[in-house]
Amino acid sequence: MKGLENEHYRKGLWTEEEDKILSDYIRVHGRGHWNRISKVTALKRCGKSCRLRWLNYLNPDIKLGHFSEEEDDLIIRLHNLLGNRWSLIARRVPGRTDNQVKNHWNTHLCKKLGIKKPRGKVVCSMRKISSPTAETKTVSTDNFNFKPLQSSRITMSVDCPINTSETSNHGVETHQFIDDQHCIQSFLSAGNSFKMNSPGFLEFLDGFFY
DNA sequence: AACCCAAGCAACCGCTCTCTC
DNA sequence: GGAGAGAGCGGTTGCTTGGGT
Ligand SMILES: [Mg+2]
């Protein structure tokens, strides 16, 4: 019998009244500690739902409305380079959230590009710091840290769960793709250790996408 | 008017990552 | 230094809407 009455959270679309309660709360207390909100207001929403509503709608920095051609081009370029890393992409698209970018990709850009099957992750394959003698391997999450070795071969590839002939790897289809991949290659060749979300790599991205 | 179907997309779920104490 | 809490991520779902017949 641990706080059963607090587990009755509402789900689904947010009402104007709910938005107002959340906005008022954030105006006073700031963002964060989302789980507290349902305990001190009349809002019957779990912390996760509150956080998401703020991040994707109530935050005044968010740009609403249709995506421009320039935004489309930027997203396509970034997606070529980064794969389905929506958060990473959205950070480089002013006023757009990861959810917006993901939805826009899935509903509009996919068709625009004539993509039938979703593309796998762009992965980086090389030797790992902790085991320099181990064979080249890919990784399944972004939480890794590669350091290029003198003799190591650095490759970018497209991870594709279903092996069809045209999507093996090095899915190079356009000039832009080659250029963007070269951007990571040069980052690695400069001797930088590589971690997908590291400050160093994010700063490096700034130089390519402005 | 009534129905069907699919596009669009807000929000959920399960999971990972990070931060704090 | 590790456990628990908070924050973040991305695939997916299911409700709403719109267009076609
Ligand atoms: Mg953004």
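In this text, all values refer to a predicted model and were calculated from it rather than measured experimentally. Here is how names work: the chains are called A, B, and so on, in the same order as the sequence lines, proteins then strands, and each is numbered from 1.
In this structure, A:Asn56 places its CG atom 11 Å from P of C:dC9, rounding to the nearest Å. Straight-line distance from the CD1 atom of A:Ile62 to the P atom of B:dA11: 11 Å, rounded to whole Å. Separating the CH2 atom of A:Trp86 from the C1' atom of C:dT12 is a distance of 13 Å, rounded to the nearest angstrom. Rounded to whole angstrom, the span from the OH atom of A:Tyr9 across to the P atom of B:dC12 amounts to 13 Å. Between the CG atom of A:Leu13 and the P atom of C:dG14 there is a distance of 14 Å, given to the nearest Å.
The residue among A:Ser49 and A:His108 whose nearest nucleotide of DNA chain B is located toward the 5' end is A:His108.
Phosphate proximity of C:dC9 to A:Arg85: absent, as no side-chain N or O sits under 4.0 Å from OP1 or OP2. For A:Lys11, a side-chain nitrogen or oxygen approaches OP1 or OP2 of B:dC13 to under 4.0 Å. Of the side-chain N and O atoms in A:Thr107, none sit less than 4.0 angstrom from OP1 or OP2 of B:dA7.
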Between A:Ile89 and A:Asn84, does a side chain to side chain contact (heavy atoms under 4.5 Å, CB included) hold up when you go through it step by step? CA-CA 8 Å; A:Ile89 292 171; A:Asn84 293 358; over 6 Å; no
Could you check A:Trp14 against A:Cys50 for side chain to side chain contact (heavy atoms under 4.5 Å, CB included), going step by step and ending with a plain yes or no? CA-CA 10 Å; A:Trp14 282 62; A:Cys50 292; 4.0 Å; yes
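Applying the salt bridge (charged side-chain N to carboxylate O under 4.0 Å, His left out) test to pairs two or more places apart or on separate chains, those with a residue in residues 47-60 of chain A are A:Asp19-A:Arg53. Applying the salt bridge (charged side-chain N to carboxylate O under 4.0 Å, His left out) test to residues at least two apart or on different chains, none of the pairs has a partner in residues 184-203 of chain A. Within the structure, salt bridge (charged side-chain N to carboxylate O under 4.0 Å, His left out) pairs that include any residue of residues 104-115 of chain A comprise A:Glu69-A:Lys112, A:Asp72-A:Lys112 (at least two apart or interchain).
A:Arg10 and A:Glu18 are joined by a salt bridge, as a carboxylate oxygen and a charged side-chain nitrogen come within less than 4.0 angstrom of each other. Salt-bridge formation is detected for the pair A:Asp206/A:Arg92: a Lys NZ or Arg NE/NH1/NH2 atom is positioned less than 4.0 Å from an Asp or Glu carboxylate oxygen.
Looking at residues two or more places apart in sequence or on another chain, you find a ring pair (Phe, Tyr, Trp, His ring centres under 6.0 Å) between A:His108 and A:His104. Applying the side-chain hydrogen bond (donor to acceptor under 3.5 Å, both in side chains) criterion to A:Arg31, with sequence neighbours excluded, gives no partner residue. Evaluation of the side-chain hydrogen bond (donor to acceptor under 3.5 Å, both in side chains) rule for A:Asp24 yields A:Lys20, A:Arg27 as partners, not counting sequence neighbours. Checked against ring pair (Phe, Tyr, Trp, His ring centres under 6.0 Å), A:Phe204 has the following partners two or more places apart in sequence or in another chain: A:Phe187, A:Phe208.
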Expected rows: protein N/O vs nucleotides 16-21 of chain B N/O, under 3.5 Å:
unit_1 : atom_1 : unit_2   : atom_2 : d
B:dC17 : OP1    : A:Thr141 : OG1    : 3.0

Filtered N/O pairs between nucleotides 3-7 of chain C and protein, under 3.5 Å:
unit_1 : atom_1 : unit_2  : atom_2 : d
C:dG6  : OP2    : A:Asn35 : ND2    : 3.2
C:dA7  : OP1    : A:His33 : N      : 3.0
C:dA7  : OP2    : A:His33 : N      : 3.3

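The backbone N or O of A:Leu74 lies less than 3.5 Å from no partner atom in the side chain of A:Arg77, so there is not a single donor-acceptor pair.
Within the 4.0 angstrom heavy-atom criterion, no nucleotide atom of any strand lies near A:Gly47.
Among the nucleotides B:dC13, C:dG10, B:dA11, the one closest to any side-chain atom of A:Leu52 is B:dA11. Across B:dC12, C:dG11, C:dC9, the shortest atom-to-atom separation from the side chain of A:Arg45 is found for B:dC12.
Scanning residues 14-25 of chain A for heavy-atom distances under 4.0 Å to DNA chain B yields A:Trp14. For residues 95-106 of chain A, proximity to DNA chain C is found at A:Lys102, A:Asn106, defined as any non-hydrogen atom under 4.0 angstrom from a strand atom.
Closest of all the heavy-atom pairs between A:Tyr57 and A:Ile62 is N-CD1, 3.3 Å.
Other members of the cluster containing A:Leu13 do not exist, because no ILVMFWY side chain is joined to it at under 4.5 Å.
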